[in-house]
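Down below is the structure, laid out as structure tokens.
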Amino acid sequence: MRAPQVQLAVIVDALQLACRAPSLHNSQPWRWVATDHTVELFADMARLVRSADTAGREALISCGAVLDHFRVAMAAAGWAATVHRFPNPNDPHHVATLEFTAAPVSDAHRRRADAILLRRTDRLPLTAPPDWDELASILGEDAGTDAVRVDVVADESRDALAEASHLIEVLRLYDSDYHAELHWWTADFVATDGVPRSSLISAAESERVDVGRAFPVVPQAERRSHVEEDRSRILVLSTEEDSRESVLRCGENLSVVLLNATMAGLSTCTLTHITEVPAGREVVASLIPGDTIPQVIVRVGLAPALEASPPPTPRRPIDEILQIRRGSAC
């Protein structure tokens with residue numbers, strides 16, 4: 001039996017919400033195709049951040065995150081998704097094909113979709129999350145699978161991770177291509193992609209975050225001065241293997257963790273600068289149990305409750321990322 005045809009307006013609305021998903025430097029390396037009975041996701045390799053993501057691994061993680069966001073958005077619209085990953089062996093950039101069936105919508109579906117709009121990448125220092133043991137199990141709920149593990153970096157390993165973060169930046173100190181690309185994605189003319197200046201932090205603020213990518217600093221009044229050092233807890237998402245499907249599923253599980261954290265009232269910052277470098281991945285692997293491949297690091301903590309939310313980062317317009325291949329109008 002053929003999957004039913006979902007109204008195009010529903011798909012467009014869900015994609016606009018789903019594309020709030022995080023991606024390396026907000027590069028949004030995805031494109032979508034709506035057919036009569038499916039929606040197809042492709043990795044857009046033209047948007048690869050080449051100096052940081054030479055193998056396209058992080059682009060695939062980003063595609064996994066937007067794939068799960070889309071599934072969440074469609075569930076809130078009354079459609080359950082069946083996902084076929086890498087359906088075309090002749091096209092490695094064809095990430096997934098989704099088919100839909102009508103399904104009831106619960107308040108939980110709606111709250112989860114709302115969390116997509118509430119989530120932000122918070123690069124400022126955070127305070128420690130309360131009741132961490134209980135929260136950690138909630139954050140990893142439905143995220144850890146046979147393909148993907150979610151581990152907490154122990155407090156006693158924090159200094160080693162911070163040292164690795166610093167050493168990776170030192171290794172890249174004279175990498176002109178890396179820094180040129182970093183400045184490109186954080187330029188003043190950012191309009192529909194990239195990291196806007198409002199999302200960057202000052203030098204003084206950066207010094208209070210021990211594990212973080214060294215973005216270009218911006219001059220501004222110091223924020224959260226009462227948070228003398230970052231006390232966030234750190235999660236590591238890792239995979240048993242480095243296959244395309246494992247990396248994609250890691251991105252999907254990253255979405256689960258971020259949305260779970262947002263629904264729990266926590267702030268997050270996704271980090272990949274350490275895992276972009278083989279030596280960094282080895283250090284992270286030594287800090288978590290098992291023989292796995294670290295893919296993504298996530299800082300999780302609390303931001304001040306009364307602090308104003310920063311403006312949302314820009315996103316590409318829907319007509320740049322969606323192609324419609326339907327035989328008839330809905």
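Keep in mind that the numbers below use all heavy atoms, side chains included, and drop hydrogens, waters and symmetry copies.
What you find for Gly265 and Leu302 is that their closest heavy atoms are O-CD2, 3.6 Å. When every heavy atom of Arg281 is checked against every heavy atom of Pro294, the shortest pair comes out as NE-O, 3.3 Å. The two residues Arg224 and Pro125 have their closest heavy-atom pair at NH1-O, 3.0 Å. Closest non-hydrogen pair, Trp30 versus Cys19, comes out as NE1-SG, 3.4 Å. A pairwise comparison of heavy atoms in Pro22 and Leu258 identifies CG-CD1, 3.7 Å as the closest pair. Here the closest non-hydrogen pair linking Ala21 and Arg119 is C-NH2, 4.0 Å.
Between Leu161 and Ile274 the shortest side-chain heavy-atom distance falls below 4.5 Å. Counting heavy atoms from C-beta on, the side chains of His166 and Asp210 never come closer than 4.5 Å. Contact annotation: the side chain of Arg233 never approaches that of Leu266 to less than 4.5 Å [non-hydrogen atoms, C-beta and beyond]. Looking only at side-chain heavy atoms (C-beta outward), Val277 and Arg172 come within less than 4.5 Å of each other. When side chains are defined from C-beta on, Val150 does not count as touching Asn253, because their heavy atoms never get closer than 4.5 Å. Between Ser199 and Thr121, every side-chain heavy-atom pair lies at or beyond the 4.5 Å cut-off. For the pair His273 and Glu169, the minimum side-chain heavy-atom distance is below 4.5 Å. Residues Ile61 and Gln295 have side chains in contact (heavy-atom distance under 4.5 Å, counting atoms from C-beta outward).
Ion pairing of Asp122 with Arg120 is absent here, as no side-chain N (NZ or NE/NH1/NH2) approaches a carboxylate O to less than 4.0 Å. Glu307 has no carboxylate O lying under 4.0 Å from a charged side-chain N of Arg223, or vice versa, which leaves the two without a salt bridge. Salt-bridge annotation for Arg158 and Asp155: absent, with no side-chain N of the basic residue lying under 4.0 Å from a carboxylate O of the acidic one.
For Asp68, the salt bridge (charged side-chain N to carboxylate O under 4.0 Å, His left out) partners are Arg71, not counting sequence neighbours. Ala115 pairs by the side-chain contact (heavy atoms from CB on, under 4.5 Å) definition with Leu259, Thr262, Met263, not counting sequence neighbours. Legend: residues meeting salt bridge (charged side-chain N to carboxylate O under 4.0 Å, His left out) with Arg315, ordered by chain and number and at least two apart, are absent.
Thr239 and Ser246 are not linked by any side-chain donor-acceptor pair at a separation below 3.5 angstrom, with hydrogens and angles left out of the test. Side-chain contact, His109 with Ser106: a donor N or O sits under 3.5 Å from an acceptor N or O.
Applying the ring pair (Phe, Tyr, Trp, His ring centres under 6.0 Å) test to every pair with at least one member in residues 40-64, sequence neighbours left out, gives these pairs: Phe42-His94. Residue pairs meeting the ring pair (Phe, Tyr, Trp, His ring centres under 6.0 Å) criterion with at least one partner in residues 191-215, sequence neighbours excluded, are His25-Phe215. For residues 39-49, every residue pair satisfying the side chain to side chain donor-acceptor pair (under 3.5 Å) rule, not counting sequence neighbours, is listed here: Arg47-Asp193.
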How far apart are the C-alpha atoms of Arg149 and Glu240, what are their side-chain angles, what is the distance that settles it, and do they pass the side-chain contact (heavy atoms from CB on, under 4.5 Å) test? CA-CA 8 Å; Arg149 279 188 49 164; Glu240 296 291 337; 4.1 Å; yes
